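Okay, so here's the structure we're looking at.
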Amino acid sequence: MLHGSTELVAIVGSPITQVKSPENFNRWFQANGQNLAMLPIDIREDALDAFLDTLRGWQNLRGVVVTVPYKQVLAGRLDAVSERAAALGSVNVIRRQADGRLLGDNVDGEGFLNAACLNGFQARGKRALVIGAGGVGSAIAWSLCQAGVSSLALSDASTARCETLAGLLRKAFGAVQIEIGYDSLAGFELLVNATPVGMGGTGELPLPAEHLHSLQASTLVADVVTSPEITPLLAAARERGCSIQTGPQMAFAQLGNLGHFMGVTPLQL
Ligand code: NAD
């Protein structure tokens, strides 16, 4: 039930019907007796500037989660963004300050790390491979470097994207060995699919199938794809005895980071 005194948060994207944040947040608000609610907002790109102006003046709105396709386009239009959001050129959450200023951050990588931690993975000193150097892959790579991996290999269908991300990470994290490409999966303690490959039951893998022979049971294999929950990569990893991390686990593990940035939940839910 919404009341006149209910404070709001929102999630903005287009389309929006597929997102799970409204039910996750609204369930938490209700279970914890909070007079707060999350609205899903599907908005056209040509209305974004007017939307941002409205947000600045919207006094009972605390913040907005940002999803596809607006993470990059909104990063350059806010009043301030965190260091990582500036480096990544993308935001997935906005806080509205009491004075109306809009501040942005990107906590996709923090959600990934929280889920990995729950799966027993500690990044410090580890070797990781991230396939996919797009929005979410870049955020995961940034957080892995910040958490102290010793080396990080990047792979993407677009070499230019890999090189751009590698340059960014080398500049920000001099102590981490950043490589482009890989010959074998042996030796990685973490393998991440951060591409959309495997989504929607196509049966596709984000890497050549022959590489799976070199995958060791000690590697944690993670996927960002949320549907299906068990992607072909995760199914193959499980068959080889690996621990796995699903896309929904990552999404769920960042609710506290999103809520905390907007000022409506604690960091740990
Ligand atoms: P994006 O388009 O920014 O990046 C995708 C990258 O994958 C691109 O760089 C592309 O070149 C690369 N790629 C595509 N096919 C490839 C292949 N076969 N081999 C190597 N590289 C390939 O997209 P994004 O915003 O990073 O989103 C990626 C996926 O992550 C989407 O499916 C999205 O739904 C999901 N996602 C999940 C979560 C979560 O919490 N689980 C959060 C954000 C995004």
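One-based numbering, in listed order, for ligands and for the atoms of each. Note that the structure is predicted; figures quoted are calculated from it, not measured. FYI, the numbering just counts along the sequence from 1.
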Region of [X] engaging ligand 1 - heavy atom pairs below 4.0 Å:
X: Met199; value: side chain
X: Leu207; value: neither
X: Val68; value: neither

Under a 4.0 angstrom heavy-atom cut-off, which atoms of ligand 1 come close to [X]?
X: Gly134; value: 3 (O), 4 (O), 6 (C), 9 (O), 26 (O)
X: Ala251; value: 40 (O)
X: Lys71; value: 43 (C)
X: Val197; value: 15 (N), 16 (C), 17 (C), 18 (N)
X: Thr226; value: 41 (N)

If you draw a 6.0 Å radius around CG in Asp183, do more than 12 non-hydrogen atoms from other residues or ligands fall strictly inside?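 Not buried by this count: 12 neighbours or fewer within 6.0 Å.
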Within the supplied structure, the quantity of interest is the number of heavy atoms (other residues, nucleotides, ligands) at a distance under 6.0 Å from Gln30 CD; does it exceed 12?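 Counting other residues, nucleotides and ligands, CD of Gln30 stays at 12 neighbours or fewer.
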Any N/O of [X] closer than 3.5 Å to an N/O of ligand 1?
X: Gly247; value: yes
X: Val224; value: yes
X: Met250; value: no
X: Asp108; value: no
X: Arg161; value: yes

Distance from [atom] to nearest protein heavy atom, with residue and atom:
atom: atom 21 (N) of ligand 1; answer: Ala157 N, 3.0 Å
atom: atom 10 (C) of ligand 1; answer: Asp156 OD1, 3.5 Å
atom: atom 19 (N) of ligand 1; answer: Pro206 O, 3.9 Å
atom: atom 26 (O) of ligand 1; answer: Val136 N, 2.8 Å
atom: atom 22 (C) of ligand 1; answer: Thr195 CG2, 3.5 Å

Stepwise side-chain contact (heavy atoms from CB on, under 4.5 Å) test for Thr265 and Trp28: CA-CA 9 Å; Thr265 72; Trp28 190 89; 3.8 Å; yes
Output yes when a side-chain donor or acceptor of Thr164 lies under 3.5 Å from a complementary backbone atom of Ala160, and no otherwise.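 Side chain of Thr164 to backbone of Ala160: a pair is present.
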Do side-chain atoms of Tyr70 reach the backbone of Leu48 as a donor and acceptor pair under 3.5 angstrom?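 No, the answer is negative, given that no donor and acceptor are paired below the 3.5 Å cut-off.
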Is it true that the NZ or CZ of Arg95 lies under 6.0 Å from the centre of Phe261's six-membered ring and within 45 degrees of the ring axis?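 Here Arg95 passes the 6.0 Å and 45° test against Phe261.
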Are Leu190 and Leu154 linked, directly or through other ILVMFWY residues, by side chains that come within less than 4.5 angstrom of each other?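 Yes, it is one cluster - the side chains of Leu190 and Leu154 are joined through contacts under 4.5 Å.
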Taking it one step at a time, do Gln254 and Asp108 satisfy side chain to side chain donor-acceptor pair (under 3.5 Å)? CA-CA 7 Å; Gln254 69 166 297; Asp108 271 329; 2.8 Å; yes
Does the protein come close to atom 34 (O) of ligand 1 - that is, does one of its heavy atoms sit below 4.0 Å from that atom?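 When distances to the protein are checked, atom 34 (O) of ligand 1 has no heavy atom within 4.0 Å.
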Please state whether the rings of Tyr182 and His211 are parallel, tilted or perpendicular, taking 30° and 60° as the class boundaries.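 If you compare the ring of Tyr182 with that of His211, the planes turn out tilted.
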Quick test of your reading of the model: are Glu179 and Arg170 salt-bridged, counting only N-O distances below 4.0 Å?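 So Glu179 does not pair with Arg170 through a salt bridge.
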What is the minimum heavy-atom distance between Ala37 and Leu2, and which atoms define it?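 Heavy atoms of Ala37 and Leu2 come nearest at CB-CD2, 3.3 Å.
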Distance (rounded to the nearest 0.5 Å) between Met250 CE and Ile140 CD1: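 So the CE of Met250 and the CD1 of Ile140 are separated by 4.0 Å.
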So between Pro196, Gly137, Gly135, Gly111, whose heavy atom ends up nearest atom 3 (O) of ligand 1?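 Considering heavy atoms of Pro196, Gly137, Gly135, Gly111, the nearest to atom 3 (O) of ligand 1 sits in Gly135.
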